Protein chains: 2
Amino acid sequence: MSRRTDDVATLIAEAREGRTRAVARLITLVEDASPRLREVMAALAPYGGHAHVIGLTGAPGVGKSTTTSALVAEFRGRGLTVAVLAIDPSSPFSGGALLGDRIRMTEHASDRGVYIRSMASRGHLGGLSWSTPQALRVVDAAGFDVVLIETVGVGQSEVEIARAADTTVVLLAPGMGDGIQAAKAGILEIGDLYVVNKSDRDGAHKVRKDLFGMLKLADRAPEAWDPPVLATSSLNQQGLAEVADALVEHREWLAATGNLRVRRERRARDEIEAIAVQELRSRWASVGEAGAMKELSARVAAGELDPYSAADALLA
Amino acid sequence: MSRRTDDVATLIAEAREGRTRAVARLITLVEDASPRLREVMAALAPYGGHAHVIGLTGAPGVGKSTTTSALVAEFRGRGLTVAVLAIDPSSPFSGGALLGDRIRMTEHASDRGVYIRSMASRGHLGGLSWSTPQALRVVDAAGFDVVLIETVGVGQSEVEIARAADTTVVLLAPGMGDGIQAAKAGILEIGDLYVVNKSDRDGAHKVRKDLFGMLKLADRAPEAWDPPVLATSSLNQQGLAEVADALVEHREWLAATGNLRVRRERRARDEIEAIAVQELRSRWASVGEAGAMKELSARVAAGELDPYSAADALLA
């Protein structure tokens, strides 16, 4: 029985029929870096490319989970199926606190057109976990129309989400203080769509106005996409229709201009590169105590060798 | 003349005599990824290992630059020379804003025992720039007693700074709201020393108490370092002597237990790995339009190939 449900071809067939358990099992194979991951990825390859992959990022406290949940409801209302990959910070300490947010998602728990998965953010790449692009392949191949990737948008994860997604939504909110000001800089370069949430609060108008001003200063090519700045009150399910419309419009723009293919080839390149680098890292590490890396590190630390010569030796 | 001052051996000799211009020129060679970088690193290798490398991280607004500046004053009062590497977010948009903070450092501008450098945070690794470990080699070889690496502590850069430094200081402050709460989780795993700045403000005591409680819950080996939690008011130059004492104590602990060598070998391994990966990435990218990576990415994006098989092909 367990043998049968773990058969990769069967799991994929079931996932494509909309069976959530099979989707979950495949993502677990991804997260556990199962030896059968290669087999899974090879079998999934022909089925990819259907989903609109939407990255949603923003500082802690802007209402990412609420907005994700509201957006899920909006897309469901349009008859689309939605998968959510929510990336948590990697720390075991944070598990509890952030899981609390996930509970808001339970309104969708009984809806078979919705699949929600919290992904651990593991490994040296931080923000977006190593396994996210592969989990994305699973839900894409399973036939979901929309995949929402939600990350805590601080630093590097913003850039990673923008590279992984077709469309990147940057969420802001009034009254976030210094943090959001500092974060804005990086944010200006990655958003295809800006959403000021908690728009019923004081200062929401100013955040929107400031953002407009900053985006205007950005040096865009005339043929480039001009990112809209929208307002929501996700807790009250307000403004989500406009957000969904803008998302659809961006996706159509991507397809019409050839940018969809460009983005997806870039995503593929990032994936290939990450897998190749991971493979090399494990080769370098696996030589053990007597291994080249161990000896090279000791020699570099002792000042007997410089890191470039050590890297040459490693690659030779 | 310009030819002479760019001679690597001369630059290194001058840097080791305390000439700031030579130090600056060498770091510029690092930042520009000069073709002579290998030569520089090979020539610097024998001179490393003297400096106490201290990473200072914390959320925006906790007073990192003020604390760095106050700590520089404290170390200078003890007769030690100090280099500061300040890592800015990579965005061109943020240059102006963050440079403002740097101005506080000008009190040290005329002190030859202090060298301050703002580093751009470039490249895919985010937070800590690719060039930071190599800039660290320059100031270490130049003979500075203390090197302070200051980063905006959000997400991944915290982990990177903890791996690059001998001692990691995590700075907090009262009244930072949601952001700091979410950030705390990752913070608990990386600090060798916690400093609650703005200790004259309401809530400072609570931050300290909460932190004590959270650190107590952490599962530490009996022989592990027990991170102290100190309080400062850096703007008023208060509490810095205790911080400096704790830093010295941690450094002595590292040396006495053999952990200094362990950390430095790990840092060397990270450096070698990063250089090797960078070298491979540029090889993969340099094949041009007709290159393997370009074709592999297109085939993966089109669903003709899975990313693992593509990575195999790339490495073959």
Side-chain angles (χ1 to χ4, degrees), chain A residues 37-38 41-42 44-49 59-61 89-91 93-94 97 126-127 152 154-157 159 177-179 182 185-186 188-189 214 261 264-269 271-273 275-277 279-281 284 293 296-298 300-301 303-311 314-315, chain B residues 37-38 41-42 44-49 59-61 89-91 93-94 97 126-127 152 154-157 159 177-179 182 185-186 188-189 214 261 264-269 271-273 275-277 279-281 284 293 296-298 300-301 303-311 314-315:
Chain A
L37 200 48
R38 287 170 165 267
M41 289 300 135
L44 289 176
Y47 304 120
S90 60
S91 170
F93 291 98
S94 65
V152 179
V154 277
Q156 185 53 14
S157 58
V159 180
D178 282 358
L188 285 174
E189 290 154 34
M214 291 170 88
R261 208 186 59 162
R264 289 182 168 192
E265 289 189 2
R266 189 177 62 187
R267 189 200 305 166
R269 194 176 64 229
E271 264 187 281
I272 298 167
E273 206 177 87
I275 291 169
V277 165
E279 166 65 22
L280 286 171
R281 283 208 167 96
W284 293 335
M293 185 53 118
L296 292 168
S297 308
V300 169
E304 296 165 22
L305 195 69
D306 70 277
Y308 281 90
S309 304
L314 194 67
L315 293 176
Chain B
L37 199 49
R38 287 170 165 267
M41 288 301 136
L44 289 176
Y47 303 120
S90 60
S91 170
F93 291 98
S94 64
V152 179
V154 276
Q156 185 54 13
S157 57
V159 180
D178 281 358
L188 286 174
E189 290 153 35
M214 292 170 87
R261 209 187 58 164
R264 289 182 167 190
E265 289 189 2
R266 188 177 63 188
R267 189 200 306 166
R269 194 177 62 229
E271 264 187 280
I272 298 168
E273 207 178 86
I275 291 169
V277 165
E279 165 63 22
L280 287 171
R281 283 208 166 97
W284 293 336
M293 184 53 119
L296 291 169
S297 308
V300 168
E304 295 165 23
L305 194 70
D306 70 276
Y308 281 90
S309 304
L314 194 67
L315 293 176

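Worth knowing before you read on, the calculation uses all heavy atoms, side chains too, and leaves out hydrogens, waters and symmetry mates. Every value quoted in this text rests on a predicted model; they were computed, and no experiment measured them. Numbered from 1 within each chain, the chains take letters A, B, ... in sequence-line order.
- Between chain A and the options B:S309, B:A42, B:G49, the largest number of non-hydrogen pairs under 4.5 Å is found for B:A42.
- Of all the heavy atoms in B:V300 and A:A268, the pair that sits closest is CG1-CB, 3.6 Å.
- Legend: residues meeting salt bridge (charged side-chain N to carboxylate O under 4.0 Å, His left out) with A:R266, ordered by chain and number and at least two apart, are absent.
- The minimum heavy-atom distance linking A:I275 with B:A311 is given by the pair CG2-CB, 3.6 Å.
- Considering CH2 of B:W284 and CZ of A:R269, their distance stands at 12.5 Å, rounded to 0.5 Å.
- The minimum heavy-atom distance linking A:M41 with B:D306 is given by the pair O-CB, 3.4 Å.
- Interface summary for chain A: among B:P46, B:A301, B:P307, the most heavy-atom pairs under 4.5 angstrom belong to B:P307.
- With sequence neighbours excluded, the residues that form a side-chain contact (heavy atoms from CB on, under 4.5 Å) with A:R261 are A:E265.
- Heavy atoms closer than 4.5 Å to chain A are found nowhere in B:L44, neither backbone nor side chain.
- Of all heavy-atom pairs spanning A:L314 and B:A276, the tightest one is CD2-CB, 4.1 Å.
- A 4.5 Å side-chain heavy-atom check between A:L315 and B:L280 finds at least one atom pair inside the cut-off.
- Both the backbone and the side chain of B:E273 have a heavy atom closer than 4.5 Å to some heavy atom of chain A.
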